[in-house]
2 protein chains.
Amino acid sequence: MERRQLEYFVAIVEQGGFTHAARALRVAQPSLSRAITKLEHELGVELFHRVGRNVVLSSAGEMLADRARLVLRDLDAMRAAARSIGEGAVGRVDVAATSSSALEPVTSIIAELREHHPGVVVSTSSALSAAEVIAMVVQGRCEVGVCGNAERPTGRGLVAHHLRDEEFLLVVPPGAIVSSGPAVSPDQLRGMRFVVTKPATAVRALFDRLAATIGDMAIAAEVGDRSVVLPMVLKGIGAGLMPDGWADLARRAGAEVYRFDPAERLPQWLVHRRGQLTAATQAFVDTTLASGRD
Amino acid sequence: MERRQLEYFVAIVEQGGFTHAARALRVAQPSLSRAITKLEHELGVELFHRVGRNVVLSSAGEMLADRARLVLRDLDAMRAAARSIGEGAVGRVDVAATSSSALEPVTSIIAELREHHPGVVVSTSSALSAAEVIAMVVQGRCEVGVCGNAERPTGRGLVAHHLRDEEFLLVVPPGAIVSSGPAVSPDQLRGMRFVVTKPATAVRALFDRLAATIGDMAIAAEVGDRSVVLPMVLKGIGAGLMPDGWADLARRAGAEVYRFDPAERLPQWLVHRRGQLTAATQAFVDTTLASGRD
DNA sequence: CCAGTCCTATAGCGTCTTGCTATGGAACGT
DNA sequence: ACGTTCCATAGCAAGACGCTATAGGACTGG
């Protein structure tokens, strides 16, 4: 039972005869004869009554015609969906991102992408580390990834575009004034307690590096979910290190936010595998690069 | 986009790879490669990401896989429906019948048929005359027909089975005693007024024959719908001629019912075209002949 | 780091299906 | 009785799909 057979079947039903249907389908009439004969044999049911030189839909055929139409409608819907996806009109982009990257720049990219491609849905898969993002892209679990990494990510068939640099900020509980200016030097961190994320994340790497240099920096809490760092800081449990995407939110919440002097920056990268991308994904990449170009 | 391609597509999705799917489908792996490549080209969408020596479903593929499964489910449902119809488990029998035949014996046949084939639906198309019933069968608009006719119906490729004889009865308004016994002779009809159906029906043929023999039989009303004859008789408009199937109902309604002496009988026939019948229709014919055999 | 293994893609070839044209046969209209 | 109008069948060319063999890329174990 192939699609063509059903197509012929409903055409004959609608045209009321083999000959008319053949003309409408632009095939020879014997092709219909054979296709229907085969279908009838396959289904074990007589679809048409051959009466005189005409055919009449049998009761079985009548019952099956509706189902056949349903199948063809679904098939058409699927083809239409595929076309939309192929043209990038609709589709889904799976983006692997670390949670800091997921906030910024991905949120901005999504906002811009939706202006030109309203049908495209962006789904972000959170990864814990840049390495994990890259792994997801390389393994094909996502088509693109966004992550911060000191070096340009490399890998078999991997393409990396440099986005803006992310800046890490110091966030301390409300009222805990650390410096009179807008920036702090690493030395001023001495003796402070921190809420940190688990190892293998960019912020944790920064913390470890600072701790190794400064010494005397204590861990107040280590959390698996980075989104709870700010709430813990706000409760006074300790200070936190956060990407600049969080700064606005932290300030609104009452926390004190300081830049580092010198600034702690981390390049952010857009990565995808070499080769043809899905139309929706290509749109995502194009949008990202167009807006990220400074 | 043929059924086989979709079948392969979902198999690969479910098995997680071409090779496993090929084993499950019992085809060679290259067949899958080519089928999917063709499908992707046809849809203009990459269904799988080829990553390393494996494949991963793309987001487009993910969106289309559900639709493909839907199509295949519908296709299976259709196949199952066809099988049921083919086996006669379910199905519909279109029976052409005159309205008198539709009452009896068709009603009894339906009752018996439903015992052995509960899934079979009988649809009766009412015809005005035996000639019309035969025409509908010959033209294939119905597979079988039931009608009363003095002679065995003949026609190109027509098969006719004799059923029981239908007996016509005289029905008169309540209280209008015609005879002391259960039967009347034609002479007793003299001077009576009748409610009759339109020409070309079996009862009208009987009336016309009697009227020609007896003379002095008046038409009180001629109705197009035979079902209104009994109500009109009950209101005293005139007497009526009815097949025996109506007798019980007429008596319950208070009318007086008499047989004719000699009895007025009309053979009833089951007709269908020569050749293979739909399973459900064959069941209908078998049931009819089995119960009608006296 | 190299060989072995695993998986998909391609090539080459045989068979089955589908397309076509030509023709038969039955049924209808004139 | 004839021609017309259908569907069915026959015969043949082109395409689709089956298979095996093999290439190529990527992981694994020594």
Side-chain angles (χ1 to χ4, degrees), chain A residues 1-9 11-13 15-42 46-58 61 134-135 137-141 154-158 273-276, chain B residues 1-9 11-13 15-42 46-58 61 134-135 137-141 154-158 273-276:
Chain A
M1 182 162 44
E2 291 297 322
R3 193 218 57 188
R4 187 178 299 104
Q5 295 171 298
L6 301 185
E7 198 173 299
Y8 289 179
F9 173 40
I12 294 167
V13 170
Q15 300 286 332
F18 282 55
T19 304
H20 286 306
R23 263 197 285 275
L25 292 170
R26 304 183 163 279
V27 296
Q29 166 268 318
S31 302
L32 300 194
S33 279
R34 197 169 41 187
I36 295 301
T37 301
K38 190 178 167 191
L39 181 60
E40 285 177 327
H41 194 263
E42 207 173 308
E46 193 185 34
L47 264 13
F48 297 96
H49 295 310
R50 276 70 168 177
V51 41
R53 67 185 185 187
N54 290 319
V55 290
V56 179
L57 192 60
S58 73
I134 293 169
V137 172
V138 167
Q139 290 166 15
R141 291 171 53 194
T154 57
R156 306 147 286 274
L158 203 67
R273 285 179 299 110
R274 192 182 310 284
Q276 190 68 29
Chain B
M1 182 163 42
E2 291 297 322
R3 194 217 58 190
R4 187 179 298 103
Q5 295 171 298
L6 301 185
E7 199 173 304
Y8 288 180
F9 173 39
I12 293 167
V13 171
Q15 299 286 331
F18 282 55
T19 304
H20 286 304
R23 263 197 285 276
L25 291 169
R26 304 183 167 278
V27 297
Q29 167 267 317
S31 302
L32 300 194
S33 277
R34 194 169 44 186
I36 295 301
T37 301
K38 190 177 167 192
L39 182 59
E40 286 178 326
H41 194 263
E42 207 174 309
E46 193 186 34
L47 264 14
F48 296 96
H49 295 312
R50 275 71 167 176
V51 41
R53 68 185 184 187
N54 290 317
V55 290
V56 179
L57 192 60
S58 73
I134 292 168
V137 171
V138 167
Q139 290 165 17
R141 290 171 53 193
T154 57
R156 303 148 289 274
L158 203 66
R273 283 178 302 109
R274 193 180 310 285
Q276 190 66 31

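Lettering follows sequence order; numbering is per chain, from 1.
If you take CD of B:E46 and P of C:dT8, they are 15 Å apart, rounded to a whole angstrom. Atom CD of B:E2 and atom C1' of C:dT18 are 11 Å apart (whole Å). As rounded to whole Å, 17 Å separates atom P of C:dC16 from atom CD of A:E42. Separating the OH atom of B:Y8 from the P atom of C:dA9 is a distance of 15 Å, rounded to the nearest angstrom. As a whole-Å value, the separation of B:H20 NE2 from C:dT8 C1' is 13 Å. Between B:I36 atom CD1 and D:dG18 atom P the separation is 11 Å, expressed in whole Å. The distance from atom CD1 of B:I12 to atom P of C:dC7 is 14 Å, rounded to the nearest whole Å. A:H41 places its NE2 atom 16 Å from the C1' atom of C:dT17, with the value rounded to the nearest Å.
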Give every donor-acceptor pair under 3.5 Å between a side-chain atom in residues 18-27 of chain B and any protein atom, sequence neighbours left out.
none

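For the pair A:R4 and C:dG19, the criterion of a side-chain N or O lying under 4.0 Å from OP1 or OP2 is met.
Among all heavy-atom pairs drawn from B:E40 and B:L47, the shortest one is OE2-N, 2.8 Å. Scanning all heavy atoms of the two residues, the minimum distance from A:M1 to A:L39 falls at CG-CD1, 4.2 Å. Shown here for A:Q5 and A:A35, the closest heavy-atom pair between the two residues is NE2-O, 3.9 Å. When every heavy atom of A:S58 is checked against every heavy atom of A:G61, the shortest pair comes out as OG-N, 2.9 Å. Nearest approach of B:I36 to B:R50, heavy atoms of both residues: CG2-NH2, 4.1 Å.
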Any N/O pairs under 3.5 Å between the protein and nucleotides 8-11 of chain D? List them or say none.
residue, atom, partner, partner atom, Å
D:dA8, OP1, A:R50, NE, 2.6
D:dA8, OP1, A:R50, NH2, 3.3
D:dA8, OP2, A:S33, OG, 2.9
D:dA8, N7, A:Q29, NE2, 3.0
D:dA8, N6, A:Q29, OE1, 3.3

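Separating the CD atom in A:E42 from the OG1 atom in A:T37 is a distance of 12.0 Å, to the nearest 0.5 Å.
Heavy-atom nearest nucleotides on DNA chain C were determined for A:N54 and for A:V27, and the one closer to the 5' end corresponds to A:V27.
If you check C:dT8, C:dG19, C:dT17 against the side chain of B:T19, the one that comes closest is C:dT8.
Contact annotation for A:F48: no contact, since no heavy-atom pair falls under 4.0 Å across all strands.
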